[in-house]
Amino acid sequence: MTDTVKSINPATGQTIREFDTISDEQLNQKIEQTHEAFLDWKQRSFDERGALIRKVGELLAANKDRLARLATDEMGKPIAQGPGELDLCKGICDYSADNAADMLADETRDLPGGRALVSHQPIGVIFGIQPWNFPFYQVVRYTIANLMAGNTVLLKHAPNVWGCAEALEDIFREAGVPENVFNVLYIHDAQASQVTEHPRVRGVTFTGSAATGRKIAADAGQHLKKTVLELGSNDAFLVLEDADIDKAVDACVTGRINNNGQTCVAAKRFVVVDAVYDKFRDAYVEKMKQVEFGDPSDKNTALGPLAREDLRDKLHAQVKESVANGATCTIGGEVPDVEGFFYPTTVLENVRPGMPAYDGELFGPVASLIRAKDEADAIRIANDSVYGLGGGIFSKDEDRAVRLARDHFDTGMVSINGYFIAQPNLPFGGVKDSGHGREHGGFGMREFVNSKSLMIAQ
């Protein structure tokens, strides 16, 4: 049974276009075709794969204005931020093509009475379930690593950005990547389990909420299939007594509103030591006031709409619940009476455990300010979370900040004296309810390979 899915412009609430879903029979055929493509693709050299992947990167860069506009139309990303996402995609293509041969080279090991090799071999079809917030980067992040490793890829993208998924598939074909090496599945959520359980599918990677991640991991576990999960977070950014307040404020505003605040690794909780809390709060609130939402297709707009109406409504409900439980709304906190799914910059104070603003993930331009007694208390608050994706520390004593980040911050990534996004050469991923596994930096290339021991007698 097939159906239609609408892509809706979040700035206007109007339908952009409709997509037809595929039947279970068509889905099974797609999976089989992707497996058949794997049998050839795995035999290709790193040089052959790399040449095609570099071409993908070149085409993403050459088409970045068009693709950025598509992301703006489908999920509301400010048009000025779209090209940066495509530049990151090209960086991932180049890094992966340049380094895969070394990352996945055979390794020699000692063996009494002989010699040994460890070989990292591709395993087959990898199924990716991806969200809408970075509609190109999220796909490129897992796809390129797996293609360079010799696997083939299926994509179930978020339905509201199926136009972006279609554009990516076109880019791969134009680059000369063989047919069915990268396949987009236009399927309902209910059909995803059919993909996971299919014997041709060897691994599942997912980016999204912790709640959905648990279901996907359980489903994959039933079939003894490995998963990589990059889930949500409520990243804490610590402002210590010796911080450069102006630098901290600038980075923390950017870290909260970038991509309309809809980023897993966004700055969300701002834990400020008592000695500088008032100074930081006053400057931060003033700068957040200056950020006005507007038309995401205007290059001067820094804050566009949330991607869907239900997401805007959920965010507002979290704000209201936090306020009802004692938080103070310093600015914002009201749904504007305008067309589209906009939400204003919002700052909450007096945030405590038991509130969504402290315990949960607020996926939008809402900042939680938390006062800490001192450095030790700030670290305690930062780690007082079920999540552990990223975070940040601001301190003029760089060595001290590095020690705190390395030895005490219970997350997968930490920014120091700035707000940094994903880097192609560094591992990306988290701990606790933020998931498991790593992407980027070569680590993603080894997630779905068979590290095989070869023991040779002499």
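This is a predicted model, so every value here is computed, not measured. Side-chain atoms are counted along with the backbone in the values below, which use heavy atoms only and exclude waters and symmetry mates.
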Residues 333-340, side-chain donor-acceptor partners within the protein, below 3.5 Å, at least two apart:
none

Any side-chain donor-acceptor pair under 3.5 Å between Thr328 and Asn350? yes
Tyr186 side chain reached by Pro159 side chain, heavy atoms, under 4.5 Å: no
Check whether any side-chain heavy atom of Val431 sits under 4.5 Å from a side-chain heavy atom of His436, and report yes or no. no
Please find out if less than 6.0 Å separates the ring center of Phe270 from that of Tyr284. yes
Going by atom type alone, with no hydrogens or angles, which donor-acceptor pairs under 3.5 Å involve a side-chain atom of residues 235-249 and a protein atom two or more places apart or on another chain?
residue : atom : partner : partner atom : Å
Asp235  : OD1  : Ser233  : OG           : 2.5
Asp235  : OD1  : Gly390  : N            : 3.1
Asp235  : OD2  : Gly390  : N            : 3.3
Asp242  : OD1  : Ser395  : OG           : 2.8
Asp242  : OD1  : Arg400  : NH1          : 3.3
Asp242  : OD2  : Ser395  : OG           : 2.9
Asp242  : OD2  : Asp397  : N            : 3.4
Asp242  : OD2  : Arg400  : NH1          : 3.2
Asp244  : OD1  : Asp246  : N            : 3.2
Asp244  : OD1  : Lys247  : N            : 3.1

Decide yes or no for Asn160 and Ser7: does some side-chain heavy atom of the first lie under 4.5 Å from some side-chain heavy atom of the second? no
Locate the shortest heavy-atom distance separating Asn234 from Arg269; write the atom from each residue and the value. O-NE, 2.9 Å
Does atom CD (Gln121) have a neighbourhood of more than 12 heavy atoms from anything else shown, all under 6.0 Å? yes
Test side chain to side chain contact (heavy atoms under 4.5 Å, CB included) applied to Glu85 and Lys77, step by step: CA-CA 10 Å; Glu85 179 177 345; Lys77 185 188 298 290; 2.8 Å; yes
If a pair satisfies side-chain hydrogen bond (donor to acceptor under 3.5 Å, both in side chains) and one of its residues is in residues 141-150, list it, with sequence neighbours excluded. Tyr137-Arg141, Gln138-Arg141, Arg141-Thr207, Arg141-Glu230, Arg141-Glu439, Asn146-Asn151
Does atom CD (Gln222) have a neighbourhood of more than 12 heavy atoms from anything else shown, all under 6.0 Å? no
Do Gln423 and Tyr95 get their side chains close enough for a donor-acceptor pair, meaning under 3.5 Å? no
Is Lys452 close to Val118 at the side-chain level, that is, under 4.5 Å between some pair of heavy atoms? no
Stepwise, does the side chain to side chain contact (heavy atoms under 4.5 Å, CB included) test hold for Ile370 with Tyr358? CA-CA 9 Å; Ile370 304 171; Tyr358 186 100; 3.7 Å; yes
Taking every non-hydrogen atom, the tightest pair across Leu362 and Pro356: CD1-O, 3.2 Å
For Ser193 and Thr196, which I'm curious about, is there any donor-acceptor pair between the side chains at under 3.5 Å? no
Could you tell me if Arg312 sits above the aromatic ring of Tyr343, with its cationic atom closer than 6.0 Å to the ring centre and no more than 45 degrees from the axis? no
Any chance you could lay out the side chain to side chain contact (heavy atoms under 4.5 Å, CB included) test for Phe182 and Val139, step after step, and finish with the verdict? CA-CA 11 Å; Phe182 171 71; Val139 177; 3.9 Å; yes
